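Just below is one structure, and these are the notes that go with it.
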Amino acid sequence: MPELPEVETTRRGIEPFVAGRVVRELRVREHRLRWPIAKDLARTLAGLRIDSVARRGKYLLLESRRGALIIHLGMSGSLRVVDASEKPETFDHVDLVLEGGNCLRLRDPRRFGCVLWSTDPAHHPLLRHLGPEPLEGSSQGAYLFRKSRGRVRAIRDLLIDGRIIAGIGNIYANEALFAAGIDPRRAAGRISRARYARLGDAIRETLREAIEAGGTTLRDFRGGDGRPGYFQQSLKVYGRRNAPCPRCHTPLRGQSVGARSVFFCPRCQS
DNA sequence: CTCCGATCCTGATGGC
DNA sequence: TGCCATCAGGATCGGA
């Protein structure tokens, strides 16, 4: 579920409760996530002061002087700040208990997320090959145009590849391609520079609006403050097969490309 | 290097 | 209401 806007919403929700706090204890009820939680992680974290909460792509980083705790929410993960005395439910796998009585609680039914310690997060294997942040620097259109030359894969697949550009998943790839008027199935290498310029702007606009709305809540996403996101109401094509195109009212199409779905307007996107 | 499919796991949904 | 198949927001890995 969580793509860049949901992770950023989470970051903003938890930061006021986490930054500047000292870790009292780590409680791990289930260590079998995407990668197992290290046995000695509790010892590593105890007494550590968390200086700030950063985001890189879909990764959250709880930064300290000695290193960072890297958290990924996978498909079904969420983080909330709760009172440490609150009883955990099923799938509440990890508690980071803080001095003062608050607790950062990770819930992840599908267990595709991870919790890892790194003394040098920028060079950690999971982050090292990540592409640029779509919301930083100038528009990414020229960059994407350059990276796409000679590539035959669908543009949707290029956009959700974190090594090309970080943080974009299937929902926002589909939404940005609609905004830019590009068919998600088109070969990435055969799209013009001008269209990439439009796409770069569409990506930023789409992500910004989604963050402003608090992310997209499909099923059970909640921000760090426990509130749902409201961007779902703003989705123009994702999940809306056969619904009228918001621009021209032609029925939207939905089909599988590779392992996941694309949604698009056959008239507005070519 | 690039691309594609399989894969980890559980819950929601829709058809019958 | 129940059962079963299908699908899901991610990202790595291995093989072609």
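Letters A, B, ... mirror the listed sequences (proteins, then strands); counts begin at 1. Owing to the predicted nature of the structure, the values given are computational and were not obtained by experimental measurement.
Counting only heavy atoms from C-beta on, A:R111 has its side chain closest to B:dC9 among C:dG10, C:dA11, B:dC9. Comparing B:dC4, C:dG10, C:dT12 by their closest approach to the side chain of A:R153 singles out B:dC4.
Remark: A:E133 pairs with A:R55, A:R56 by the salt bridge (charged side-chain N to carboxylate O under 4.0 Å, His left out) rule, at least two apart or across chains.
Taking atom CD of residue A:Q255 and atom P of nucleotide C:dA8, one finds them 13 Å apart after rounding to whole Å. Counting to the nearest Å, the P atom of C:dT6 and the CZ atom of A:R241 are 15 Å from each other. Between A:I171 atom CD1 and C:dC7 atom P there is a gap of 18 Å when expressed in whole angstrom units. Taking atom CG on A:L73 and atom P on B:dC8, their separation rounds to 22 Å, with Å as the unit. At whole-Å resolution of the value, CZ in A:F112 and P in C:dA11 are 12 Å apart. Atom P of nucleotide B:dT10 and atom NE2 of A:H93 are separated by 8 Å, given to the nearest angstrom. One can place CZ of A:F91 at 13 Å from C1' of B:dA12, the figure rounded to the nearest angstrom. Whole-Å rounding puts the A:R185 CZ to B:dC4 C1' distance at 19 Å.
Here A:S261 reaches the OP1 or OP2 of C:dA8: one of its side-chain N or O atoms lies under 4.0 Å away. For C:dA11, the OP1/OP2 oxygens have no side-chain nitrogen or oxygen of A:R34 closer than 4.0 Å. Listed pair A:H72 / C:dG10 fails the phosphate criterion, with no side-chain N or O lying under 4.0 Å from OP1 or OP2.
Donor-acceptor pairing under 3.5 Å is recorded for the side chains of A:S85 and A:D83. A:R186 and A:Q269 share no side-chain donor-acceptor pair at under 3.5 Å.
Taking 3.5 Å as the limit, the base of C:dA8 and the side chain of A:R260 contain no donor-acceptor pair of atoms between them. Between the side chain of A:R110 and the base of B:dC9 there is at least one donor-acceptor pair of N/O atoms closer than 3.5 Å.
A salt bridge is absent between A:D92 and A:K87; no separation between the charged side-chain nitrogens and carboxylate oxygens falls under 4.0 Å. The pair A:R12-A:E8 meets the salt-bridge criterion, since a charged nitrogen lies less than 4.0 angstrom from a carboxylate oxygen. Taking the charged nitrogens against the carboxylate oxygens, A:D51 and A:R49 do have a contact shorter than 4.0 Å, which makes a salt bridge.
Residues A:F263 and A:W35 both approach DNA chain C. Their nearest nucleotides, taken by heavy-atom distance, put A:F263 toward the 5′ side.
Backbone-only contact: A:L126 has heavy atoms under 4.0 Å from sugar-phosphate atoms and none from a base. Within the 4.0 angstrom heavy-atom criterion, only backbone atoms of the sugar-phosphate kind lie near A:R151; the bases stay farther away.
With contacts defined as side-chain heavy-atom distances shorter than 4.5 Å, the pair A:V115/A:L41 qualifies.
Because its NZ or CZ atom is not both nearer than 6.0 Å to the ring centre of A:F263 and within 45° of the ring axis, A:R156 does not count as a cation-pi partner of that residue.
Helical stems of DNA chain C (runs of at least 3 Watson-Crick or G-U pairs, donor-acceptor distances under 3.5 Å) are listed by first residue: B:2-8 with C:10-16, B:10-16 with C:2-8.
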